[in-house]
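Comments concern the structure below.
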Amino acid sequence: MKTLLLIDGSSYLYRAFHAMPDLRSPEGLPTGAIYGVVNMLRRLEKDVQFDYSACIFDAKGRTFRDDLYPEYKANRPSMPDDLRLQIAPVHQLVEALGWPLLAVEGVEADDVIGTLATVAEQQGFRVIVSTGDKDIAQLVTPNVTLVNTMTNETLDEAGVVEKFGVPPTQIIDYLTLIGDKVDNVPGVEKCGPKTAVKWLEAYGSLDGVIEHAAEVKGVVGDKLREALPRLPLSRELVTIKCDVDLKKELPQGLDDLEHRARDAATLADAFRTHGFRTWLKEAEQWLADSGVAPASANGEAAQAELFGGGGDDPVSPVPVKATVERDYRCVLTAAQLDELLTGLASAPVVSFDTETTSLDPFAARLVGMSFAWQEGLAYYLPLAHHYAGVPEQLNFDATLAVLKPWLEDANRPKLGQNLKYDRHVLANHGIELAGIVDDTLLQSYVIESHLTHNMDDLAERHLGETTISYEEICGKGAKQIGFAEVDIDTATRYSAEDADITLRLDHAMKPQLAGRLMDVYRDIELPASVVLYAMERTGVLIDRQRLAAQSHELGLKLVELEQQAYELAGQPFNLNSPKQLQEILFGKLGIDTKGVKKTPSGGYSTDEGVLEKLALDHPLPKLILQNRSLAKLKSTYTDKLPLQINPDTGRVHTTYSQAVAVTGRLASTDPNLQNIPVRTAEGRRVREAFIAPPGHQIVSADYSQIELRIMAHLSGDKGLLAAFQSGADIHRATAAEVFGVALDAVSADQRRAAKAINFGLIYGMSQYGLAAQLEIDNAQAKQFIDRYFMRYPGVAEYMQRTRDAAREQGYVETVFGRRLYLPEIRSSNGARRAGAERAAINAPMQGTAADLIKLAMIKVHAWLTEQGLKSRLIMQVHDELVLEVPDAELELIKRELPRLMAGAATLAVPLLAEVGAGDSWEAAH
DNA sequence: CTGCTAGCATA
DNA sequence: GTATGCTAGCAGA
């Protein structure tokens, strides 16, 4: 069977343009898209076996769709000049590489592809369409498959079903319902992929949906009925035309699509002009082989060869040992500063980094700054180094004043590694950094959240470069010196390298942020970092006196407990030492160790669960438990929090780590405000010290059962969806189903068991885990689980699907496309593998919840800003947002905050957020 | 002084 | 059973 390979040139042109760094030819013309498309073609040539081929582009001018619908593509921004300039060179290279090129006026590239695929299939060909455009999925048949060369994804019929939830034959109907924002094709408002799939499953086709439109309930139903008159037009717009007349272009039919010999001379000329050095060498070799003397190669070094190494798989790039010449310059004189400023003023985007006196963003003072806008060239501007014999530096205040306009200009694009930190540092000097367009920390996190993201590791992984580490120049531990004491030459080498490497990392990682990963990066992580900065900067007001009083009280109780414990033990010992306690309990007191859990290192555990059991027979363990919980409260919270109050602001400023939790959650440090006690009455008193200033209230809103709702959404289980739709108490509803009783006949124990099952599901439960949690035997736990899955079969299927997907692709995804890799999912070690499976089950739920609340934070922050309100977000605790609200805005916030949170995204289940307000965080619940 | 363990706070 | 961060104690520098 012969194979026809069709390439959607237009789709790749756009994608390459946006995915590639801003490459330039020696003459300064843009070449990124050219490089990307040629790279892709070369890879296809190498990887795919085919007999005939064509590369298809959109032609200039109007198409029949514009005539059908004047507003078609009206939302598209006009083509950037830098892209337009690359079209002709791409066409030239495509032909020189030997690919038949088609661009037919009056239709789009898709239509030509559809027509060729149809004709070829009729003539018994196998057809492979290489595209990045999802609309083309409608062309898939048993003989027509898609391949996305940028992500290495292939789609056959089963793949289309897996990806979209509908077979290729329903893709047109699916796209019609959803509509297309970019092309301005109206669909049904509020109808996204999930709803479209649901309807098509229920009614079989778009016509079926239209027929049954009257039956669809709720707001979406109304929106559907509103959309009805528009749908036939939308269907026409999204339908790829498969009968384009190609007689003029292909008089011989498919025989005109034979791959031709490459034109080495044209290629060599073009590669030289564009500055593609590696390919130029290759082309010159071809010329030499064919006996034609190569023209002399000159021109400056091009950068292109450094990215992707000329054909790496973007998912697992092999770093090419870079051979970038380094030119690192130190700025010490007015003339050098002028040179720097001139560069900054004209650079399209600048990599920026600060050097400081401290890692604590609120204590840090500037020591110097580095800048890079061209690979290999970077500037270090020392401002506050001080050591014996330090050369004279530019004046600190005057130089900052000169740089301030550039730093604060939102139209001067900047990128960096964890710029949230640099923003704080500059803010400490009265400068509001603006124009942040990229952050390599967040790029790396979105690409591979399970790996490390420090710059030294990133440079090694993505660039094959070994960088100077901070420890190498500052030492470590007690002997570590401040950056200000580092001599300026060394500092220049270190800091300029940081800016340079960051710039190169951005270039290396951008192409890996394809498709939905780019959306997570652009639409979630980058905007979320702005909100987090603001929250950290605002801080939280803490009632110091109240905590001091609590500390005192706790201290008295602890002394008392201590004395009682010594008496029971018959000797004094350190209650906080698990080792000493173990000796007392199992040695001196001779408590039976049978059935006592061991610690990983072999000793007998004295953790909460163990002590609780022992407390049934002995008085001491109970005392220890009380002591532990009070000691924890005192040492971690009531003693420590007051010490973390910033003397300048009188508030506590946490740092949110945006790139540590593999699932996409945030983490809070210094101090951790995400583990302030809440479960016990005594612990909750700490929250009484989280207060609002006079004239303000604390407002808190938390998502109700967010992870279970996400499970309902992801699994699509009818029973679970219905339970959430009904608004019933979900644990009670689960109990009623599992135990087969009426809702109002559910006992307290049954509800407790159901709650444990629900939580267990989120954590990838096993019968053993559930048995331990509920203190029942394994057989009984298994019975509960079996009954649950019997009642909610969709959930059981979803769990299995997730495990399978994790094993097959090595990662799982959130609703928004965030990826979590599970390196141990194929481990031969059963325990490790089981652990990875549990993580695989938990990650889409925990991760989607994290995505949702980030989206909510972005919305809330934007809304507060747009409305000019004085309320401020001050904390995020995974499913809860806390704000400080002036009394005048209280009612507005209490009304709108839960609405914004619930509207963060539309899932198959309603989202619900519950709000409260009070003088303290405790009172807000 | 540094790095590790056990234990425990949160969602 | 998932995901985190912090503290005290302790052993080995």
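A note on names: the letters A, B, ... follow the listed sequences, proteins ahead of strands, and every chain is numbered from 1.
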Sequence neighbours left out, cut at 3.5 Å: what donor-acceptor pairs do the side chains of residues 615-626 of chain A make with other protein atoms?
none

With a 3.5 Å cut-off and sequence neighbours excluded, list the donor-acceptor pairs that the side chains of residues 471-478 of chain A form with protein atoms.
| residue | atom | partner | partner atom | Å |
| --- | --- | --- | --- | --- |
| A:Glu472 | OE2 | A:Ser469 | N | 3.2 |
| A:Glu472 | OE2 | A:Ser469 | OG | 3.3 |

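A:Lys557 has a carboxylate O that lies under 4.0 Å from a charged side-chain N of A:Glu682, or vice versa, which qualifies the two as a salt bridge.
The stretch residues 769-801 of chain A touches DNA chain C through A:Gly769, A:Leu770, A:Gln773, each having a heavy atom within less than 4.0 Å of the strand. Against DNA chain C, the stretch residues 834-845 of chain A makes heavy-atom approaches under 4.0 Å through A:Arg838, A:Ala839, A:Asn842. Within residues 907-924 of chain A, no residue has a heavy atom under 4.0 Å from DNA chain C.
No donor-acceptor distance shorter than 3.5 angstrom exists from the side chain of A:Tyr521 to the backbone of A:Tyr445, with no hydrogens or angles considered. Although no hydrogens or angles enter the test, the distance criterion places no donor-acceptor pair under 3.5 Å between the side chain of A:Arg807 and the main chain of A:Ile825. Side-chain atoms of A:Arg709 come within 3.5 Å of backbone N or O of A:Ser704 as a donor-acceptor pair.
Counting to the nearest Å, the P atom of C:dT2 and the CG atom of A:Leu708 are 17 Å from each other. Here C:dG5 presents its P atom at 17 Å from NZ of A:Lys640, a figure rounded to the nearest Å. A straight line from CG of A:Leu641 to C1' of C:dG5 spans 13 Å, rounded to a whole angstrom.
Partners of A:Asp360 under the salt bridge (charged side-chain N to carboxylate O under 4.0 Å, His left out) rule, at least two apart in sequence or in another chain, do not exist in this structure. Take A:Phe483 and apply the ring pair (Phe, Tyr, Trp, His ring centres under 6.0 Å) test, not counting sequence neighbours, and it matches A:His385, A:Tyr494. Under the rule for a side chain to side chain donor-acceptor pair (under 3.5 Å), the partners of A:Asp457 that lie at least two apart in sequence or sit in another chain are A:Thr452, A:Asn454. Applying the side chain to side chain contact (heavy atoms under 4.5 Å, CB included) criterion to A:Ala805, with sequence neighbours excluded, gives A:Gln809.
Screening residues 569-583 of chain A for side-chain hydrogen bond (donor to acceptor under 3.5 Å, both in side chains), with sequence neighbours left out, gives A:Gln571-A:Lys588.
Nucleic acid contact for A:Ser635: sugar-phosphate only, since backbone atoms but no base atoms lie under 4.0 Å from a heavy atom of the residue. Using a 4.0 Å heavy-atom distance criterion, A:Gly477 is classed as a sugar-phosphate-only contact. Across all strands shown, A:Asp670 has heavy atoms under 4.0 Å from sugar-phosphate atoms exclusively, and none from any base.
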Quiz item: Run the ring pair (Phe, Tyr, Trp, His ring centres under 6.0 Å) check on A:Tyr788 and A:Tyr792 step by step: do they pass?
Solution: CA-CA 6 Å; A:Tyr788 181 96; A:Tyr792 300 102; 4.6 Å; yes
Quiz item: What do the steps show when you test A:Ser668 against A:Thr654 for side-chain hydrogen bond (donor to acceptor under 3.5 Å, both in side chains), and what is the final call?
Solution: CA-CA 6 Å; A:Ser668 159; A:Thr654 186; 2.8 Å; yes
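Side-chain contact between A:Arg872 and A:Met535: absent, with no pair of heavy atoms (C-beta onward) separated by less than 4.5 Å.
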Practice problem: At under 4.0 Å between heavy atoms, which parts of nucleotides 5-11 of chain B does protein reach? Answer with one letter per nucleotide, 5' to 3': B base, S sugar-phosphate only, - none. | Solution: SSBBBBB
Using atom names, set out every protein N or O paired with an N or O of nucleotides 11-13 of chain C below 3.5 Å, distance rounded to 0.1 Å.
| residue | atom | partner | partner atom | Å |
| --- | --- | --- | --- | --- |
| C:dA11 | OP1 | A:Lys579 | NZ | 3.4 |

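A:Lys598 forms a cation-pi arrangement with A:Tyr604, by the criterion of a distance under 6.0 Å to the ring centre and an angle within 45° of the ring axis.
Remark: aromatic rings of A:Phe739 and A:Phe784 are close, center separation under 6.0 Å.
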